[in-house]
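Contents: one structure, followed by commentary.
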Amino acid sequence: MKKIIKTGASLAVISALLLAGCSQEATTQDQESKSKEQSEVSSDEQAASSPESAAEANYQAIKPSEAAGPLESHYTETQLAEMPTTEAHGDDTKRSVPLGQTLEKGTEDETEGPLQKNRIVSYYGHPDSTSMGILGEYSPEELMEKLKDQTKAYSELDPERPAIPAIELIATVAQRNPGEDGLYMHATADEDIERYAKLAEENNALLILDVQLGRDNIMNQVKSLEKYLKLPYVHLAIDTEFHVKEGQIPGEDLGHVDGENVQEAIDYVSNLASENGLPDKVVIVHQFADIIINNKEVIHPTDNVEVVLNNDGHGIAALKRSGYHQLVHNQPIQYGGFKVFYQKDEPVMTPEEVLELDPAPAFVNYQ
């Protein structure tokens with residue numbers, strides 16, 4: 001990454017690079033030996049269910065209390081006036097959309113997806129690692145309890161857009177070891193995915209499957225998850241920074257993707273939903289630096305897929321706001337997302353501070 005900074009990157013790119021989070025080494029071969037026959041949920045049976053039953057979007061937002069007031073009421077007049085300035089860092093300080101609006105300026109949502117009327121709050125990580133996110137730090141039951149509490153905080157702040165809890169599970173883990181196939185990635189056991197799929201379903205939550213790619217291509221990874229994406233409550237996330245080319249190692253070399261390949265995945269998920277009578281889907285694209293995605297302008301939502309550009313990376317709060325302004329505000333696709341690191345941010349931004357962003361993040365994930 002130091003070489004990249006020396007090539008004359010802009011201040012915004014340097015700021016984004018300072019935020020960069022890095023995936024840990026993939027979990028051990030013990031995970032690979034877990035038997036698929038022990039799965040708690042038969043995803044094949046669920047995927048084969050009728051379109052009528054699959055079409056029900058069986059998620060439920062956390063209801064705000066009766067005392068919850070409008071978003072604006074949580075800020076002073078001074079705070080409201082200073083909000084755009086805190087993230088612009090010398091750029092245009094005029095708010096592009098009203099406080100709380102999640103759709104980016106000039107974009108539309110023609111779906112019936114969860115982000116039309118709700119916000120998504122997710123916990124990110126891997127069940128076999130305590131260093132890759134909060135998901136691995138707690139038992140599934142404890143995780144869900146904490147997730148619901150964190151989600152409710154957003155419903156209380158913005159009762160007009162109650163938040164839906166979601167689990168963002170890393171389904172393919174980028175690693176520094178090439179592995180037998182030389183792809184520098186490790187597939188999460190079906191048993192683990194199915195355990196968290198069951199947890200999400202039982203709690204009216206969403207499951208988001210995150211792919212870190214390594215040297216594999218996006219479509220191979222997405223197709224490998226098709227049986228899960230056919231479930232009505234399962235969605236997709238693409239961790240772009242871990243897609244490296246020949247001679248590079250994820251976590252050591254900064255990866256990148258082409259927007260055309262991202263759009264191919266979005267179209268694939270869109271067709272999957274349409275052809276199987278599924279509820280409209282969400283595809284989350286993680287990005288923390290400008291140079292990670294080229295041809296970004298070709299990425300767009302479809303009639304049944306909502307697209308979130310998630311500003312990733314840990315670090316100083318002011319730099320995180322600036323990164324969001326550069327990558328989301330200045331490069332609109334449809335919805336903005338924002339990642340918060342419980343252990344690495346300085347300081348950890350509160351939900352009130354997150355919702356100050358312009359536009360307000362429709363997706364907030366915690367690592």
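Values reported hereafter were calculated over all heavy atoms of this structure, with side chains retained and with hydrogens, waters and symmetry mates removed.
- Residues Gln150 and Tyr342 bring a donor and an acceptor atom of their side chains to less than 3.5 Å of each other.
- Between the side chain of Gln334 and the backbone N or O of Pro301 there is no donor-acceptor pair closer than 3.5 Å.
- The two residues Pro232 and Asn58 have their closest heavy-atom pair at CG-OD1, 4.0 Å.
- Heavy atoms from other residues, nucleotides or ligands lying under 6.0 Å from CD of Glu72 number more than 12.
- Shortest non-hydrogen contact noted between Glu306 and Asp109 is OE2-OD2, 2.5 Å.
- No donor-acceptor pair closer than 3.5 Å links the side chain of Asp312 to the backbone N or O of Phe288.
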Set out, in order, the CA-CA distance, both residues' side-chain angles and the distance that settles side-chain hydrogen bond (donor to acceptor under 3.5 Å, both in side chains) for Asn204 and Tyr233, then state yes or no.
CA-CA 9 Å; Asn204 297 313; Tyr233 52 91; over 6 Å; no

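- Side chain to side chain, Gln331 and Asp290 meet the donor-acceptor criterion of an N or O pair below 3.5 Å.
- A salt bridge does not link Glu194 with Lys198: every distance from a Lys NZ or Arg NE/NH1/NH2 to an Asp or Glu carboxylate oxygen is 4.0 Å or more.
- In terms of heavy atoms, Tyr366 sits closest to Ile134 at O-CG2, 3.8 Å.
- At distances below 3.5 Å, not a single donor-acceptor pair connects side-chain atoms of Ser270 with backbone N or O atoms of Thr302.
- At least one donor-acceptor pair closer than 3.5 Å links the side chain of Thr172 to the backbone N or O of Gln212.
- Under the 4.5 Å side-chain heavy-atom criterion for Ile, Leu, Val, Met, Phe, Trp and Tyr, Leu143 and Val364 are members of the same hydrophobic cluster.
- Residues Val340 and Val348 meet the side-chain proximity criterion, which asks for heavy atoms closer than 4.5 Å.
- Hydrophobic clustering of Ile, Leu, Val, Met, Phe, Trp and Tyr side chains at less than 4.5 Å, counting indirect connections, keeps Phe363 apart from Val97.
- The neighbour count for Glu297 CD, taken as heavy atoms of other residues, nucleotides or ligands under 6.0 Å away, is above 12.
- A donor-acceptor pair is defined here as one N or O able to donate and one able to accept, closer than 3.5 Å; such a pair exists between the side chain of Asn217 and the backbone of Met219.
- Checked by atom type, the side-chain pair His286/Asn310 shows a donor-acceptor distance below 3.5 Å.
- In summary, the side chains of Thr111 and Asn304 do not present any donor paired with an acceptor at a separation below 3.5 Å, with no hydrogens or angles considered.
- Checked by atom type and distance alone, the side chain of Gln263 pairs as donor or acceptor with a backbone atom of His300 at under 3.5 Å.
- Not a single donor-acceptor pair under 3.5 Å links the side chain of Glu356 to the backbone N or O of Met83.
- Between the side chains of Asp239 and Tyr124, a donor-acceptor pair is found at a separation under 3.5 Å.
- More than 12 heavy-atom neighbours from other residues, nucleotides or ligands sit within 6.0 angstrom of CD on Glu352.
- Taking 4.0 Å as the cut-off between side-chain N and carboxylate O, Asp192 and Arg195 count as a salt-bridged pair.
- At most 12 heavy atoms of other shown residues, nucleotides or ligands fall within 6.0 angstrom of atom CD in Glu145.
- Side chain of Thr107 to backbone of Glu104: a donor-acceptor contact under 3.5 angstrom is found.
- Tested against Gln367, the residues Glu168, His314, Lys339, Lys344 include a single side-chain hydrogen bond (donor to acceptor under 3.5 Å, both in side chains) partner, Lys339.
- Across Asp128, Ile167, Thr130, a single residue satisfies side chain to side chain contact (heavy atoms under 4.5 Å, CB included) together with Leu135, and that is Ile167.
- In terms of modelled atom types and a separation under 3.5 Å, the side chain of Lys320 and the main chain of Phe338 share no donor-acceptor contact.
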Carefully, step by step, assess Glu82 and Thr85 under the rule side-chain hydrogen bond (donor to acceptor under 3.5 Å, both in side chains).
CA-CA 5 Å; Glu82 292 179 350; Thr85 305; over 6 Å; no

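- Cation-pi geometry between Lys146 and Tyr123 is not satisfied (NZ or CZ under 6.0 Å from the ring centre, within 45° of the ring normal).
- A side-chain donor from one of Asp216 and Gln221 sits under 3.5 Å from a side-chain acceptor of the other.
- Side-chain atoms of Arg161 come within 3.5 Å of backbone N or O of Leu115 as a donor-acceptor pair.
- Checking Glu156 against Ser65 by side-chain atom types alone, a donor-acceptor pair falls below 3.5 Å.
- Applying side chain to side chain contact (heavy atoms under 4.5 Å, CB included) to Pro359 and the options Leu103, Val328, Leu99 leaves one that passes, Val328.
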